[in-house]
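Notes follow once the structure below has been shown.
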Amino acid sequence: MYFSTLLLLAASTLTLAAPAARDTGPDPNTVFIQTFTFAGSGCPAGSVANATDATKTVLTLIYDNYVAQIGPGTLPTDHRKNCQVNLDVHYPGGWQFSLFSVDYRGFENLDRGVTGKQVATYYFSGQRSQISATTTFVGPKTQNYLISEDFLVESLVWSPCGSNYPLNINSQIYLTSTNANANGLLTTDSTDFKFSEIFHIRWRQCH
């Protein structure tokens, strides 16, 4: 069983897509992931992978082992999982980018009395500004989910001009319960049990 956020990390892909008009973004051939690291209880070594497609405006990450569980037989460490992802994106000078929306896909199986939360914070190294998103899941419920989070233009965090700084994605999922006998599981989907996130990227020229 696994939990995912929308970032291909495991066996899938990290995607950055580019707008059709060349003047709305850099040449897609000049945008790529230089280095990619991750660590945390929700993403042990070997459980996350990344890849880029041809267009460079959608970034997808998939976690292969990101799952939180609660109920009889589980440990406190099963109730909360976290993952810190660092993406060093190479792109040409004169451009900067920001995340303007995120799609979350996953699976929830929560008994009555169980509540789950997914929290993610996005920021660039060396900057204080950040974007955060929180999703709450309340049992009883068993279903696949797709949630889209749109960030306000005034809240966007842009990569610095003049140099490339890593994009950091700090996420966690956790479950709480008011019923000691209730069970809960939060993951990506019921078939392959992966957690995924898709990030939509906006480009602009430096001024």
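Rounded to the nearest 0.5 angstrom, Gln205 CD and Cys161 SG are separated by 10.0 Å. Expressed to the nearest 0.5 Å, how far CG of Asp150 lies from OG of Ser101 amounts to 5.0 Å. We find the CD-CG distance between Gln118 and Leu175 to be 11.5 Å, quoted to the nearest 0.5 Å. Atom CD of Gln69 and atom CG of Asn109 lie 10.0 Å apart (nearest 0.5 Å). Rounded to the nearest 0.5 Å, atoms OH (Tyr104) and OG1 (Thr135) are 5.5 Å apart. The CD1 atom of Ile70 lies 6.5 Å from the OG1 atom of Thr176; values are rounded to the nearest 0.5 Å.
Aromatic ring orientation, Phe137 versus Tyr145: tilted (interplanar angle from 30° to 60°).
Listed for the Ser98 side chain is a donor-acceptor partner under 3.5 Å among the backbone atoms of Val157. Using modelled atom types, no side-chain atom of Ser159 and backbone atom of Gln96 make a donor-acceptor pair closer than 3.5 Å.
Using a 4.5 Å heavy-atom threshold, the side chains of Arg105 and Asn144 count as separate. The closest side-chain heavy-atom distance from Thr136 to Thr115 is below 4.5 Å. In this structure, the side chains of Ser125 and Asn168 come closer than 4.5 Å at one or more pairs of heavy atoms.
Side-chain polar atoms of Thr121 and Asn170 form no donor-acceptor pair below 3.5 angstrom. His79 and Thr74 are linked by a side-chain donor-acceptor pair at a separation below 3.5 angstrom, with hydrogens and angles left out of the test.
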Dump the intermediate steps for side-chain contact (heavy atoms from CB on, under 4.5 Å) on Val31 and Val89, then the final yes or no. CA-CA 7 Å; Val31 180; Val89 182; 4.1 Å; yes
In sequence, state the C-alpha distance, the side-chain angles, and the governing distance for Val85 and Tyr63, and then conclude on side-chain contact (heavy atoms from CB on, under 4.5 Å). CA-CA 11 Å; Val85 177; Tyr63 306 83; 3.8 Å; yes
Could you go through the side-chain contact (heavy atoms from CB on, under 4.5 Å) check for Leu185 and Val67 one step at a time? CA-CA 7 Å; Leu185 169 73; Val67 56; 3.1 Å; yes
List the steps and the verdict of ring pair (Phe, Tyr, Trp, His ring centres under 6.0 Å) for Tyr91 and Phe32. CA-CA 7 Å; Tyr91 52 95; Phe32 56 89; over 10 Å; no
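Tyr123 pairs by the ring-ring contact (aromatic ring centres under 6.0 Å, His included) definition with nothing, not counting sequence neighbours. With sequence neighbours left out, the side-chain contact (heavy atoms from CB on, under 4.5 Å) criterion links Ala182 to Asp111, Val114, Ser177, Asn179. Arg112 pairs by the side-chain contact (heavy atoms from CB on, under 4.5 Å) definition with Pro140, not counting sequence neighbours.
The two residues Gly71 and Asn183 have their closest heavy-atom pair at CA-OD1, 3.7 Å. Nearest approach of Pro92 to Thr30, heavy atoms of both residues: CD-OG1, 3.2 Å. The minimum heavy-atom distance linking Asn65 with Ser47 is given by the pair CB-CB, 3.8 Å. Of all the heavy atoms in Phe38 and Cys83, the pair that sits closest is CB-SG, 4.4 Å.
Remark: of the listed residues Lys117, Arg80, Lys81, Arg80 is the sole one forming a side chain to side chain donor-acceptor pair (under 3.5 Å) with Gln172. For the ring pair (Phe, Tyr, Trp, His ring centres under 6.0 Å) with Phe97, the qualifying choice from Phe124, Trp158, Tyr165 is Phe124, the only one to do so. Between Asp88 and the options Ile33, Leu167, Thr35, a side-chain contact (heavy atoms from CB on, under 4.5 Å) holds for only Thr35.
Follow the hydrophobic side-chain contacts under 4.5 Å out from Val119 and you never reach Phe107; the two are in separate clusters. By the rule that hydrophobic residues join a cluster once side-chain heavy atoms approach within less than 4.5 Å of another member, Leu110 and Tyr174 end up as members of separate clusters.
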